[in-house]
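Structure record follows, encoded as structure tokens.
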Amino acid sequence: MIIPRLNLYLLVITTVTGLLSSPSKSLRFELESGHTKCIAEDIKSNSMTVGKYSIVNPHDSQPLPESHKLTVRVTSSYGNSYHYSERVESGQFAFTAAEAGDYMACFWAVDHKPNATLTVDFDWKTGVAAKDWSKVAKKGSVDACNYEGDKDVEFKANNAVGLGPSLFCNGLSTGALAFPVMEMELKKLYDTVISIQEEMNYLREREDEMQDLNTSTNVKMAWLSFLSISVCLSVAGLQVWHLKTFFQKKKLI
């Protein structure tokens with residue numbers, strides 16, 4: 001049977017993708033009025049990143065109090081600003097990192113008397129996790145229907161003689177729609193592998209930089225040691241010469 005085999009393939013691909021892909025975790029933290037809390041994320045250059053934040057309403061049946069406002073700023077390690085929102089209840093940001101390094105998302109709660117404690121939900125995704133796979137799956141399904149449109153009669157004929165499945169999407173079998181799903185899972189798996197490869201290359205570059213730095217530091221320390229020994233020997237030689245000259249003048253030697 002084609003369908004069970006396709007489902008097995010999808011299960012295997014989904015399992016491997018889940019093992020390889022790094023999970024995206026949401027954060028929930030508390031912030032007092034007039035205080036600031038910053039969260040850092042190490043992002044590679046040319047990596048896509050998206051973030052969403054919102055204040056948790058302490059009373060679901062009522063609107064948020066006036067004290068529950070946030071000012072949010074996202075900056076890079078070089079001081080470049082990528083997002084800024086002032087006195088908001090929720091928001092989101094998305095950008096492609098221009099330089100590698102630590103990116104900082106800082107949340108400042110509006111000062112209010114009496115003091116209030118805000119609960120903030122923050123979701124920050126980078127790399128493969130930041131890609132919207134739901135749109136890819138939807139587009140793949142639509143493309144499958146469009147691509148298989150000319151095979152509508154063939155699928156119906158096969159179904160009439162018991163050679164094909166009986167479920168259709170706009171006249172098409174679900175077997176035809178399983179291939180775009182597999183393609184999406186393979187695409188996700190491919191992007192995950194590429195992300196891992198890029199991460200390994202990035203770590204190799206960092207390792208090379210650290211090795212160059214260690215080599216440069218060792219060379220400088222070697223020259224510093226040589227210079228220190230030279231200065232010590234020169235001072236010792238000058239002291240011996242001075243003492244010898246002094247004793248000769250005193251006719252002690």
Side-chain angles (χ1 to χ4, degrees), residues 17-18 20-139 184 187-188 191-192 194-203 205-206 209:
T17 304
L20 290 179
S21 60
S22 57
S24 175
K25 297 181 180 180
S26 299
L27 299 177
R28 173 171 287 193
F29 57 90
E30 292 184 349
L31 185 61
E32 295 184 0
S33 300
H35 290 73
T36 302
K37 180 169 290 188
C38 295
I39 299 173
E41 180 75 15
D42 185 17
I43 304 177
K44 301 189 298 294
S45 60
N46 299 324
S47 294
M48 182 67 183
T49 179
V50 295
K52 296 180 181 179
Y53 54 89
S54 61
I55 301 175
V56 178
N57 194 340
H59 306 288
D60 295 336
S61 59
Q62 301 177 2
L64 279 173
E66 186 63 26
S67 59
H68 286 50
K69 300 291 183 180
L70 283 175
T71 297
V72 184
R73 182 187 295 272
V74 180
T75 57
S76 67
S77 56
Y78 296 92
N80 299 324
S81 180
Y82 286 87
H83 174 74
Y84 179 76
S85 295
E86 187 175 4
R87 299 181 68 87
V88 296
E89 299 176 355
S90 62
Q92 59 184 1
F93 58 86
F95 60 88
T96 301
E99 61 269 350
D102 289 332
Y103 285 73
M104 195 81 67
C106 292
F107 300 83
W108 179 76
V110 176
D111 197 4
H112 188 270
K113 299 297 181 181
N115 290 337
T117 300
L118 285 65
T119 302
V120 182
D121 278 339
F122 181 44
D123 186 16
W124 199 350
K125 300 178 182 179
T126 60
V128 178
K131 191 170 184 178
D132 191 352
W133 293 103
S134 61
K135 293 183 179 180
V136 177
K138 183 177 179 180
K139 182 178 183 299
M184 184 201 68
K187 174 64 175 174
K188 187 187 298 185
D191 289 349
T192 303
I194 293 298
S195 177
I196 295 175
Q197 182 180 7
E198 292 177 352
E199 183 70 22
M200 295 297 295
N201 293 333
Y202 174 71
L203 292 177
E205 292 177 359
R206 293 293 298 271
E209 292 177 0

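The structure presented is a predicted model; accordingly, all values stated were derived computationally and were not measured.
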Q.
Do Lys44 and Glu199 have side chains that approach each other closer than 4.5 Å (heavy atoms only, starting at C-beta)?
A. yes
Q) Taking all non-hydrogen atoms of both residues, which atom of Ala98 and which atom of Ser45 are closest, and how far apart? A) O-CB, 4.1 Å
Q: Identify the two heavy atoms, one from Arg87 and one from Val110, that lie closest to each other, and give their separation to 0.1 Å.
A: NH1-CG1, 3.1 Å
Q. Got Glu41 and Asp102 here, is their nearest side-chain heavy-atom distance under 4.5 Å?
A. no
Q) Considering only heavy atoms from C-beta outward, does the side chain of Val50 approach that of Trp124 to under 4.5 Å? A) no
(Q) Counting C-beta onward and ignoring hydrogens, is there a side-chain heavy-atom pair between Phe29 and Leu118 closer than 4.5 Å? (A) no
Q) What residues, two or more places apart in sequence or in another chain, satisfy side chain to side chain donor-acceptor pair (under 3.5 Å) together with Asn115? A) none
(Q) Measuring from atom CG of Leu203 to atom CD1 of Ile196, what distance do you get when rounded to the nearest 0.5 angstrom? (A) 11.5 Å
Q.
Has Asn46 got a side-chain atom pairing as donor or acceptor with Thr96's backbone, closer than 3.5 angstrom?
A. no
Q: For Asp42, enumerate each residue passing the side chain to side chain donor-acceptor pair (under 3.5 Å) test, keeping only those at least two apart in sequence or located in another chain.
A: none
Which atom pairs, one a donor and one an acceptor, fall under 3.5 Å between side chains of residues 74-83 and the rest of the protein, sequence neighbours left out?
unit_1	atom_1	unit_2	atom_2	d
Ser76	OG	Tyr78	N	3.4
Ser76	OG	Asn80	N	3.3
Ser76	OG	Glu99	OE2	2.9
Asn80	ND2	Glu99	OE2	3.4
Tyr82	OH	Glu99	OE2	3.2
His83	NE2	Tyr53	OH	2.9
His83	NE2	Ser85	OG	3.2

Q) Does a side-chain heavy-atom distance below 4.5 Å link Thr126 with Met48? A) no
Q. Of the non-hydrogen atoms in Glu30 and Lys37, which two are nearest, and what is the gap between them?
A. O-NZ, 3.2 Å
**Q.** side-chain contact (heavy atoms from CB on, under 4.5 Å) between Met200 and Glu205, worked out
**A.** CA-CA 9 Å; Met200 295 297 295; Glu205 292 177 359; over 6 Å; no
Q | Smallest separation among heavy atoms of Thr117 and His68, with atom names | A | O-NE2, 4.0 Å
Q.
What verdict does the salt bridge (Lys or Arg N to Asp or Glu O under 4.0 Å) test give for Asp121 and Arg28, after you've listed the backbone C-alpha separation in whole Å, the side-chain angles of each residue and the deciding distance to 0.1 Å?
A. CA-CA 5 Å; Asp121 278 339; Arg28 173 171 287 193; 2.6 Å; yes
Q) How close do Ala97 and Ile43 get, heavy atom to heavy atom, and via which atoms? A) CB-CG2, 3.7 Å
Q: May I ask you to decide if the ring planes of Phe107 and Phe122 are parallel, tilted or perpendicular, using 30° and 60° as cut-offs?
A: perpendicular
**Q.** For Arg206, side chain to side chain donor-acceptor pair (under 3.5 Å) partners two or more places apart
**A.** Tyr202
Q) Do other residues, nucleotides or ligands put more than 12 heavy atoms under 6.0 Å from Glu66 CD? A) no
Q.
Going by disulfide (SG to SG under 2.5 Å), name the pairs with one or both residues in residues 50-127, residues two or more places apart or in two chains.
A. Cys38-Cys106
Q.
Could you check, using the six-membered ring where one of them is a Trp, whether Phe95 and Tyr103 have ring centers closer than 6.0 angstrom?
A. yes
Q) Is the closest side-chain heavy-atom distance between Leu70 and Leu31 below 4.5 Å? A) yes
Q. If you take all heavy atoms of Ser33 and Ala109, which pair is closest and at what distance?
A. CA-CB, 3.9 Å
Q.
Within the 4.5 Å heavy-atom criterion, are Leu64 and Pro58 side-chain neighbours or not?
A. yes
Q | Residues which pass side chain to side chain donor-acceptor pair (under 3.5 Å) with Glu32, listed by chain and number, not counting sequence neighbours | A | none
Q: Give, for atom OG1 of Thr71 and atom CD of Glu86, the distance between the pair rounded to the nearest 0.5 Å.
A: 5.0 Å
